[in-house]
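Data first, discussion second: the structure below is written as structure tokens.
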Amino acid sequence: MAIRSFLILFILFFFSSLNPILSLYEDQVGLVDWHQQYLGKVKQAVFHTHKTGRKRVVVSTEENVVASLDLRQGEIFWRHVLGSNDVIDGIDIALGKYVITLSSGGSILRAWNLPDGQMVWESSLRGPKHSKSLFLVRTNLKIEKDNIVIIFSNGRLNAVSCMDGEVLWEKDFEGESLKVQQVIQPPGSNLIYVVGFASSSLFEMYQINALNGELLKHESAAFSGGFLGEVSPVFSETVVALDSTGLILLTISFQNGKISFHQMPISNLVKDSFGPAKIIPSSVIGIFAIKMNAVTIVIRVKDESKLEVVEKTNHETSISDALSISEGQQAFALVQHASHEIHLRVKLAHNWDDNLLKESVKMDQHRGLVHKVYINNYIRTDKSYGFRALIVMEDHSLLLLQQGEIVWSREDGLASIIDVTTSELPVERDGVSVAKVEHNLFEWLKGHMLKLKGTLMLASPQDIAAIQSMRLKNSEKSKMTRDHNGFRKLLIVLTRAGKLFALHTGDGHIVWSHLLQSLQKSKVCQHPIGLNLYKWQVPHHHAMDENPSVLVIGKCGPSSDAPGALSFVDTYTGKELSSLSLVHSVAQVIPLPYTDSTEQCLHLLIDADKHAHLYPKTPEAISIFEREFSNIYWYSVEDDNGIIKGHALRGKCTGEVADEVCFDTRELWSIVFPSESEKIIATVTRKLNEVVHTQAKVIADQEVMYKYISRNLLFVATVALKGSVEIGSVTPEESWLVAYLIDTVTGRILHQVTHHGSQGPVHAVFSENWVVYHYFNLKAQRYEMSVIEIYDQSRADNKDVWKLVLGKHNLTSPISLYSRPDVITKSQSYFFTHSVKAIAVTSTTKGITSKQLLIGTIGDQVLALDKRFLDPRRTVNPTQAEKEEGIIPLTDPLPIIPQSYVTHALRVEGLRGIITVPAKLESTTLVFAHGVDLFFTQLAPSRTYDSLTDDFNYALLLITIVALLAAIFVTWTLSERKELQENWR
Amino acid sequence: MEKGKGIMGSGRRWAVHFSDNSTAPSSRDIPDPPGFARASVDQDDSTVSRQKKDAESNWKSQKAWEVAQAPFKNLLMMGFMMWMAGNTVHLFSIGITFSALWQPISALQGVGKVFEPYKDNKVDLLGPKLLFIALNLGGLALGVWKLNTLGLLPTHASDWVSSLPPAQEVEYSGGGIPL
């Protein structure tokens, strides 16, 4: 009996150790993970509100998503992510049932079925030259029940049938320097006008028959002043343009094929001119707008020559496209921003003075300005027109306004996350009750009854559903305080719009959001870009009363010497503590491993002139920094020139930039890659906050290998110049990939390996003493993954047990990188089926738990792959001792086990990054994957060995304890009785 | 058995055993009933008791040697069990090894108690005791040897360095591709 139970135990143990898969049961989905779907900033929106069917709006976004949204709640009906190299140029609805999208620079036209989003047809359009693409869908152009779409792209005008995507006719515009500006189709006629500029001062007009593409007329006229920017059509045969100085408005009319110009200096219209103007394109008949600095001027064109200013405002103004509400009547919306409110006005195109609708809506300041507005009408019960407006805000959120209220809003800025960091939640204190307690005793009892029923397997399907929803809505997990296991944290994310969000890891709700002042357009900073997020203050020991804060780094404009901008944000409240506009640029940010007495982390900002600036600018920080001054180095990777340079600090800045916290640097070393044969395509270092538990690796037969663990190692991958193009365009002989391991303090190349016949893209991850990288093998025509492990050979002779027992060794004493390292590397390569979008590795608090690689696959899923599969010591036939150590027999391909997809059935569309954060519980790591969608989950790479799992049978334990206690009591009384009887015998 | 329990049992305060026929003086507190002569029994008491005592001490020393040799059988048993258990670390082998370690230790702790029943002025218990101790030490050695073959003894360098934290680096470097 004992042996049998031992055997069962042994088999269980054996199988659990053999099988590292962490699959999920169906009812565990959503317990610790959450998934959110977003779209990105809306570029274009088309409403579909026919009486039949559901009311919806189709949008295309800057994340190249085309989606159909429910107009009532803002939920997604369907969505397609077209990918980063398939930019959407335009969308429209044709035939009332197809969504037509034009993408990839006007070369791919697709039709999607409106109700369910299935693709109906796709056709590719080619043209003689690259040009901007214009897109027109005409519902009134009918050829035998078919509609045609007119597309101008790549220098060619195409007419495509909406039914099947067949190109009906095409017409090339091969004029040398012709830049087509507008394609105009007057309503109710079969004519198409193509207008454009040629050689900067020539206005060209083509009249084309829409039915067969025949060129009817071609006129051109010169205007000596030249043209600037875009044209705005005001009537079907009149457009408005600006001359090359931007000071004179030109009304160009081409009625009956005769081109005539009419000039009007802006200063005649507006008394105080504000410099060069810009036309805001609109499709409203008779009205256009120009913008001069911050002033928006709306101008009405009475007939072809008479211009009249109807509105001049300092407020940010957006104008919607025209919406034809009845025969010959066009409405449009104007949205103006005034501090806490936005004013929405809907007007008829020919009647400026009256408003069809005027509403004011209170608007959260953290949404910024209105960027775009789209309107749609409906017929109220009293037969009058009602309007709803879809507005896109500065923070990329999408809102639907109707009857003066926000019907729904979507935080679509979260689709474009730039950087992520985490913050702890406040500690739970007495009297600070954040989470709600269960409402009443009855509910509580009911819940526990249900649970009991569930454990005793008496629950009906409805009960099971109720239990499941109770588990999912557990209020514990969305509490706003720290928990014992460290599962509850704040994810601080910075979006491309310059907005900072704090997401709760429990259920993903937005705790706070803040549009950063430093990353908003201002006079000083015209094109602010958010760059990175760093932990600024992480109070834990003696500064517990302070709130943690993060540092947001941005810069003004894309150039390398644009001045930087810093913001400090409190992570508990979301308030911007302070913001700085820097005088210097920001080329590198180096978080230093030192903190001051208030737990503020020291950061070194390197500018484009290679000066180092220390933040915070306090005397204390400077004194800490000066103590470590000689040990701080920095390196720069110039991937355009193929040079890696190492620098050291020299002393205080001299010259005009003299400052207490500014330091000069000097170049120490440089590695120059031959520019004709090698190009840097990937660099990766270890994560700064990674914790390594031990420096020794015990291998079979009790041998020890010492890991070479250094924070200053850089992995660099270079490819042959020819191999840096797309896969398939080079032969294996012409392409190779070189991987380097470089010490960034001394510039020493510790290891170098060449993969012949391989090419990028390279995705790599560096952890502890190993690096794993993914590339394409041209010879095998397959993707490969390689691992390099690096070991310190100079420590290997520490074998005397007595010395180790007595601690007489120098294995833990600080080492200098200038001491000559003696390293050996072990490496191995494997085939891998997928191409990869991102690779990350799990990280835990103490670094004891074994590691898993998290691979973002091309299918936008995250795959967990045990690091043991990427162990360079794998052999085809491992010995018994090696098997005991856990070495898996070598196979050429890496296995992809379907159960080990972290994202289970979900997809993180447009996956860009995977972030892992250690929880307080050693076995568990938190994983956050972001792209267009967000996904969060907890992982336990070696299972939760330090806590009872969720499915632990507490009931059984309780029953066993009770039964044992009862048995003890019964046997005790029995034995008492027996003894008494025996004594009476 | 019943009697021994009666006297030594901790739970009871007193007991009267009517079947008691011992000659211990304690039982003679009660006067003999009239007509009962004990003298006839007492008469040849000295010779018989001397013989009896000799036989008893012989028996005792014999028994003591037997007891002292008992661990040897145990040792063989253990050896067989260990051989059965194999050299891999799992529940069974660990259980056997620890019982192999525990048995000699507990036996050594109770050396005095084991030989208590055979304590006599005439019996020399030193030899059996030494044998007993030696055999148990042998058992202990066997256990330790088994522990070592299982790899559970920290005799390798790897056992002492496996949790050494990585060495601190003096220099610090950061940077990368310009933002």
Side-chain angles (χ1 to χ4, degrees), chain A residues 3 6 9-10 13 531-532 553 555 560 586-593 604 606 608 628 631-639 646-647 683 685 688 692-696 698 702-704 706-707 709-712 744-745 798-801 804-805 811-818 884 979 983, chain B residues 1-7 9-19 80-82 84-99 147-179:
Chain A
I3 286 179
F6 141 71
L9 265 175
F10 174 65
F13 179 75
L531 292 174
N532 280 75
I553 291 186
K555 64 176 181 178
S560 64
V586 182
Q588 311 258 4
V589 182
I590 302 168
L592 299 175
L604 205 60
I606 313 282
E628 302 289 341
N631 290 329
I632 294 169
Y633 298 81
W634 66 279
Y635 67 94
S636 57
V637 181
E638 293 166 21
D639 49 353
H647 310 261
T683 61
T685 54
L688 273 179
V692 182
H693 176 242
T694 173
Q695 55 173 299
V698 181
Q702 314 286 314
E703 288 291 311
V704 189
Y706 291 91
K707 301 173 187 171
I709 292 166
S710 168
R711 278 181 306 188
N712 303 319
T744 56
V745 170
N798 276 300
K799 276 186 180 148
D800 193 338
V801 177
L804 292 167
V805 173
L811 288 173
T812 49
S813 51
I815 49 162
S816 167
L817 288 164
Y818 284 103
E884 267 172 40
E979 207 165 325
N983 285 346
Chain B
M1 191 63 207
E2 198 54 44
K3 174 184 155 194
K5 196 184 168 193
I7 294 164
S10 57
R12 296 182 192 174
R13 289 289 166 99
W14 55 268
V16 178
H17 293 275
F18 298 104
S19 59
F80 179 69
M81 292 273 272
M82 280 174 182
M84 284 285 283
N87 277 344
T88 47
V89 179
H90 50 73
L91 213 63
F92 192 50
S93 63
I94 288 177
I96 285 186
T97 314
F98 276 94
S99 79
L147 211 57
N148 193 26
T149 54
L150 286 179
L152 296 179
L153 280 190
T155 51
H156 294 274
S158 59
D159 302 314
W160 296 94
V161 296
S162 60
S163 60
L164 276 185
Q168 284 284 320
E169 283 177 314
V170 178
E171 291 90 359
Y172 181 81
S173 162
I177 296 172
L179 298 170

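Numbered from 1 within each chain, the chains take letters A, B, ... in sequence-line order.
The candidate with the highest count of non-hydrogen atom pairs below 4.5 Å against chain A, out of P178(B), A167(B), G176(B), is G176(B). Between chain B and the residues P593(A), S813(A), A696(A), S636(A), the most heavy-atom pairs under 4.5 angstrom are made by P593(A). When each of V586(A), L688(A), L817(A), V704(A) is checked for heavy-atom pairs under 4.5 Å with chain B, L817(A) comes out on top. Counting heavy-atom pairs closer than 4.5 Å to chain B, the top residue among Q588(A), E628(A), H647(A), E703(A) is Q588(A). Per-residue counts of heavy-atom pairs under 4.5 Å with chain B were compared for L811(A), I553(A), I606(A); the largest is that of L811(A). Counting heavy-atom pairs closer than 4.5 Å to chain B, the top residue among I632(A), L592(A), I815(A) is I815(A).
Contact of K555(A) with chain B is made through the side chain alone, with heavy-atom distances under 4.5 Å. For chain B, the nearby parts of Y818(A) are the backbone and the side chain; heavy atoms of each come within less than 4.5 Å. Contact annotation for S710(A): both backbone and side-chain heavy atoms come within less than 4.5 Å of a heavy atom of chain B. Interface remark: L531(A) contributes side-chain atoms only to the contact with chain B (heavy atom separation under 4.5 Å). Heavy atoms of E638(A) lying under 4.5 Å from chain B are absent altogether. Residue T683(A) touches chain B through its side chain alone, counting heavy-atom pairs closer than 4.5 Å. Heavy atoms closer than 4.5 Å to chain B are found nowhere in L604(A), neither backbone nor side chain.
The line from CD1 of I709(A) to CD of E169(B) is 9.5 Å long, rounded to the nearest 0.5 Å. Atom OG1 in T744(A) sits 9.5 Å away from atom OH in Y172(B) (nearest 0.5 Å). From D639(A), atom CG reaches atom CD1 of I177(B) across 4.5 Å, with rounding to the nearest 0.5 Å.
Of the possible polar contacts, none joining the E171(B) side chain to the V745(A) backbone as a donor-acceptor pair under 3.5 Å is found. Judged purely by atom type and a 3.5 angstrom limit, Q695(A) uses its side chain to pair as donor or acceptor with the backbone of P165(B).
Nearest approach of V170(B) to P814(A), heavy atoms of both residues: CG2-CB, 4.2 Å.
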